[in-house]
Protein chains: 2
Amino acid sequence: MNDVDATLAALADPTRRKVIDLLRDGPRPAGELAQAVQMSPPALSRHLRVLRAGGLVQAEAGGEDARLRLYTLRPEPFTALQAWLDQVQAFWAEQLGSFKNHVERGR
Amino acid sequence: MNDVDATLAALADPTRRKVIDLLRDGPRPAGELAQAVQMSPPALSRHLRVLRAGGLVQAEAGGEDARLRLYTLRPEPFTALQAWLDQVQAFWAEQLGSFKNHVERGR
DNA sequence: TGACTCGTTAACGATAGCGCTGATTATTGC
DNA sequence: GCAATAATCAGCGCTATCGTTAACGAGTCA
């Protein structure tokens, strides 16, 4: 329902998650990323498009060489995912609610 | 690399994420989950198998009626995912490192 | 025992995702 | 202008995944 779907779909692929890990060390041009994950530039370009569509990364026009597209991480989807994760983990926080839920659902 | 791959693959499907959200309110039998997501029991059973394989859920033998399999959330994969998320978000924590990375990579 | 329910497994058709090669656009430097 | 480079787009097979129906063990109750 939320955009968390798109975020998780983007992170599902191991290649894309590796790209995220690579970008943790700083911005990288697309070609360098393709070489790092041992993949043809067109294949990685598709992955980058998915990551862009999900808002996980952002392509800046490289200042020095305009042919290079420097990719950078964007924080929003990750904070949204963390918010959802916190909600899920609240399940164990309210351990005393394990019987409260039974009552609420009337079992 | 890690088992985070399996976790994210399991969470990628919207149906499976909805199951997780449903289980936040407490354990549910498989049939009730299938009805909640408007899906045939076999289809949901496959999703539950994926969630089980990833360790996100656990099937307990229902005490009252042994035919029912009550599914419950398991914490481990979520804490592992949170750990990875924290690593990624550390990228913005060290904002001053944006120039440090340039130096390290010798651009 | 026999009818019924719960859940899973098996087999099938349809769809979507992945990675490749080849072509296209934009930019650099001679 | 022209060759070379960076990145994306387009088209093509391939595999995996998803959901459905049908068949199968397991458990309940008369």
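Order of the sequence lines sets the chain letters (A, B, ...), proteins ahead of strands, with each chain counted from 1.
Under the 4.5 Å side-chain heavy-atom criterion for grouping Ile, Leu, Val, Met, Phe, Trp and Tyr, B:Leu44 is connected to B:Leu23 within one hydrophobic cluster.
Heavy-atom distances to DNA chain C give each of A:Ala66 and A:Ala9 a nearest nucleotide, and the one nearer the 5′ end belongs to A:Ala9.
The CG atom of A:Leu33 sits 12 Å away from the C1' atom of D:dA7 (whole-angstrom rounding). Between B:Leu8 atom CG and C:dG17 atom C1' the separation is 17 Å, expressed in whole Å. For B:Glu64 and D:dA26, the CD to P distance is 22 Å, given to the nearest whole Å. Summarising the geometry, the separation between CZ on B:Arg46 and P on C:dA11 is reported as 12 Å, rounded to the nearest angstrom. Rounded to an integer number of Å, the gap from CG of B:Leu70 to C1' of C:dG7 is 12 Å. A:Asp65 has its CG atom 12 Å from the C1' atom of D:dA4, to the nearest Å. D:dA6 atom C1' lies 17 Å from atom CZ of A:Arg28, rounded to whole Å. One interatomic measurement links the two molecules: CG of B:Leu44 to C1' of C:dT9, which rounds to 15 Å at whole-angstrom precision.
Counting heavy atoms from C-beta outward, B:Ile20 and B:Val57 have side chains that approach closer than 4.5 Å. Between A:Tyr71 and A:Glu60, the closest side-chain pair of non-hydrogen atoms is not below 4.5 Å.
Applying salt bridge (charged side-chain N to carboxylate O under 4.0 Å, His left out) to A:Asp5 and the options B:Arg16, B:Lys18, B:Arg17 leaves one that passes, B:Arg17.
Relative to the side chain of A:Arg52, the nucleotides D:dT8, D:dT20, C:dT28 differ in distance, and D:dT8 lies closest. Considering only side-chain atoms of B:Met39, the nucleotide from C:dT28, C:dC20, D:dT20 that sits closest is D:dT20. Comparing C:dC6, D:dT20, C:dG19 by their nearest atom to the side chain of B:Leu68 picks out C:dC6. Nearest nucleotide to the side chain of B:Arg49, out of C:dT9, D:dT21, C:dG22: C:dT9. Distance from the side chain of A:Asp13 is smallest for C:dC18 among the nucleotides C:dT8, C:dC18, D:dT20. Side chain of A:Pro29, nearest nucleotide from D:dT21, D:dA7, C:dT21: D:dA7.
In the interface, the side chain of A:Arg67 is not paired with the base of C:dT28 through any donor and acceptor atom under 3.5 Å apart.
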Enumerate donor-acceptor pairs with a distance under 3.5 Å from any side-chain N or O in residues 75-91 of chain B to protein atoms, sequence neighbours excluded.
residue: B:Glu76; atom: OE1; partner: B:Arg74; partner atom: NH2; Å: 3.4
residue: B:Thr79; atom: OG1; partner: B:Glu76; partner atom: O; Å: 2.7
residue: B:Gln82; atom: OE1; partner: A:Gln89; partner atom: NE2; Å: 3.4
residue: B:Trp84; atom: NE1; partner: A:Asp21; partner atom: OD1; Å: 3.1
residue: B:Gln87; atom: OE1; partner: A:Arg24; partner atom: NH1; Å: 3.4
residue: B:Gln89; atom: NE2; partner: A:Gln82; partner atom: OE1; Å: 3.3

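At D:dT8, one or more side-chain N or O atoms of A:Tyr71 fall inside 4.0 Å of OP1 or OP2 (strictly under the cut-off). Contact check, B:Ser40 against D:dT20: a side-chain N or O comes under 4.0 Å of OP1 or OP2. For A:His47, a side-chain nitrogen or oxygen approaches OP1 or OP2 of C:dG19 to under 4.0 Å.
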